Amino acid sequence: GRARVGTSTRSATLAVDARGRVWAGGDGDVGWIGSDSTGHRAFVSLLPHLPEAMRPTGYVRSVHAVGETVYVATERQLVRWSETAPPRRWRSESAMTVSIADETVYVHDGDRGLLRLRGDRLEPVPGADAFRRPGPVSVVQGPESADLLAITERGIWQVVGSRFTRRPTEADAILARFPARVEDAAWADGLLALTTEGGGLVLLRPDGRLHARLTAETGLPDATPRAVRLDQEGGIWVGSEEGLVRIGAPQAIRQFAEAEGLRGVILDVDQVGERRVVATSNGLFLEREAGRFVQAPQTAGVCNALGAR
């Protein structure tokens with residue numbers, strides 16, 4: 001039979017580390033794509049390795065990995081798991097957004113602001129009170145190793161000195177109309193790529209100037225991209241409900257859809273070696289050859305969140 005991993009398209013994340021072990025989360029379940037007793041690929045649930053109180057009861061919002069440690073986030077719970085230490089849990093009364101920057105775990109809590117994980121403690125970052133608000137906040141590494149940016153739906157904050165402060169950019173007017181999908185924010189070939197709700201893809205230079213804005217009229221499959229990743233050749237991959245596109249230059253946009261083997265809503269995309277891995281509402285798809293995809297066995301159904309360790 002086939003293993004369903006989830007039934008919702010509300011959230012998705014995908015990441016692959018040097019080992020290439022892919023984690024997947026769905027409604028009420030989380031685990032990895034491993035091998036069964038016959039050597040075939042199969043979904044291996046983490047639930048038997050977690051105390052019952054720590055098992056996800058809602059949809060898995062994101063999965064992250066730092067070294068050998070995995071973090072599983074639902075709307076109001078973060079669980080840390082590794083093979084060498086007891087699992088640990090943090091809970092919140094408000095919605096949580098979890099992100100990783102410079103191997104540090106950041107948690108946005110609408111009641112407490114922006115927090116970072118130090119050992120077993122979630123501590124407020126300097127200026128955390130500025131983020132005591134509803135709505136997600138995600139932290140990304142800046143173009144310089146010491147830079148940290150906090151992405152909100154309406155704009156960007158940057159660490160100045162030791163505190164996060166508001167940073168005006170040429171995208172502010174766009175984000176005022178079309179809020180950013182903060183969990184998709186990513187650096188792509190020296191540009192900060194922001195997907196928006198209905199406003200396409202915004203590409204910002206490190207100094208905050210607008211490099212480009214791509215919309216359905218200029219080559220994107222639709223106006224609400226769902227994921228952005230950079231490949232080894234400097235191309236930008238963008239997912240959406242209508243398919244996957246690769247942007248190599250303003251006039252070099254290639255679309256990938258059902259004809260190339262992809263099925264379902266594109267939720268996230270990442271790279272293993274020289275090949276892409278794509279999470280869709282139909283499961284996990286692997287690039288077998290350049291531009292051609294096949295579905296990974298036993299990943300039928302929706303993968304809410306995919307990660308790797």
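Fair warning: this is a prediction, and the values are worked out from it, not measured in the lab.
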*Is there a side-chain contact between Val137 and Thr97, using heavy atoms and a 4.5 Å cut-off?*
no
*Ring centres under 6.0 angstrom apart (Phe131, Trp157)*: yes
*Expected output: side-chain Arg246 to main-chain Val238 donor-acceptor under 3.5 Å*: no
_Using a 3.5 Å distance criterion without hydrogens, assess whether the side chain of Gln141 forms a donor-acceptor pair with backbone atoms of Asp102._
yes
*Do you know which two heavy atoms are closest between Pro126 and Arg116, and how far apart they sit?*
CD-NH2, 3.8 Å
*When rounded to the nearest 0.5 angstrom, what distance separates OG in Ser94 from CZ in Arg112?*
9.5 Å
*Are Asp29 and Arg55 close enough for a salt bridge, meaning some N to O gap below 4.0 Å?*
no
_Candidate pair Trp237 and Leu244, rule side-chain contact (heavy atoms from CB on, under 4.5 Å), full reasoning_ = CA-CA 7 Å; Trp237 293 76; Leu244 180 69; 3.5 Å; yes
*Do you reckon Leu149 sits in the same ILVMFWY cluster as Leu114, going by side-chain contacts under 4.5 Å, direct or chained?*
no
*Taking Arg133 for the side chain and Ala130 for the main chain, is one N or O donor matched with an acceptor at less than 3.5 Å?*
yes
*asked:* Hydrophobic clusters here meaning ILVMFWY residues chained together by side-chain heavy-atom distances under 4.5 Å, can you tell me if Leu192 and Ile236 are in one?
replied: no
_How long is the straight-line distance from CD of Glu93 back to CZ of Arg76, given to the nearest 0.5 Å?_
7.5 Å
*So which heavy atom on Val30 is nearest to which on Pro56, and how close?*
CG1-CG, 4.4 Å
*If you measure from CD on Glu183 to CD1 on Ile151, what distance do you get to the nearest 0.5 Å?*
12.0 Å
_Where at least one partner belongs to residues 208-218, residue pairs that pass salt bridge (charged side-chain N to carboxylate O under 4.0 Å, His left out), sequence neighbours excluded_ = Asp207-Arg209
*Side chains of Leu115 and Asp109 in contact at under 4.5 Å (non-hydrogen atoms)*: yes
*Using the side-chain contact (heavy atoms from CB on, under 4.5 Å) rule, take Phe178 and Thr224 through it: C-alpha gap first, then chi angles, then the decisive distance, then the call.*
CA-CA 10 Å; Phe178 307 104; Thr224 303; over 6 Å; no
*Leu175 versus Thr152: any side-chain heavy-atom pair under 4.5 Å?*
no
*Would you call Val140 and Trp187 a side-chain contact if the rule is heavy atoms closer than 4.5 Å?*
yes
*Can you get from Val66 to Val107 by hopping between Ile, Leu, Val, Met, Phe, Trp and Tyr side chains that sit under 4.5 Å apart?*
yes
*Answer yes or no: is there a side-chain heavy-atom contact under 4.5 Å between Ser138 and His108?*
no
_Side-chain heavy atoms nearer than 4.5 Å, only ILVMFWY residues, links allowed to pass through others: does that put Leu210 and Leu220 together?_
no
*Nearest heavy atoms of Ala223 and Ala216, plus distance in Å*: N-CB, 4.2 Å
_For Val60 versus Val63, what's the shortest heavy-atom pair and its separation?_
CG1-CG2, 3.8 Å
_Interatomic spacing from NE2 in His211 to CG in Leu214 - rounded to 0.5 Å_ = 8.5 Å
*Are any side-chain N or O atoms of His64 and backbone N or O atoms of Val98, one a donor and one an acceptor, separated by less than 3.5 Å?*
yes
*Close side-chain approach of Arg154 and Pro179, heavy atoms under 4.5 Å*: yes
*Do you know which two heavy atoms are closest between Arg89 and Ala53, and how far apart they sit?*
NH1-O, 2.7 Å
_Hydrophobic cluster membership, with links at side-chain heavy-atom distances under 4.5 Å among I/L/V/M/F/W/Y: are Trp90 and Val105 in one?_
yes
_Within this structure, what is the OG1-CD distance for the pair Thr57 and Glu75, rounded to the nearest 0.5 Å?_
10.5 Å
*Tell me, do Arg166 and Asp172 make a side-chain contact under 4.5 Å, heavy atoms counted?*
yes
_Please check: side-chain N/O of Arg61 versus main-chain N/O of Met96, any donor-acceptor pairing under 3.5 Å?_
yes
Can you list, pair by pair, the side-chain donor-acceptor contacts under 3.5 Å of residues 193-205, counting residues two or more places apart and other chains?
unit_1	atom_1	unit_2	atom_2	d
Thr195	OG1	Asp184	OD2	3.1
Thr196	OG1	Gly199	N	2.9
Thr196	OG1	Gly200	N	3.0
Thr196	OG1	Gly200	O	2.8
Glu197	OE2	Arg181	NH1	3.0

*Pairwise distance OH(Tyr71) to OG(Ser99) - rounded to 0.5 angstrom*: 12.5 Å
*Do you know which two heavy atoms are closest between Arg80 and Gly119, and how far apart they sit?*
NH1-O, 3.0 Å
_Evaluation steps, side-chain contact (heavy atoms from CB on, under 4.5 Å), between Phe285 and Val294_ = CA-CA 5 Å; Phe285 290 78; Val294 296; over 6 Å; no
*asked:* Are the side chains of Trp81 and Met54 in contact, using a 4.5 Å heavy-atom criterion?
replied: no
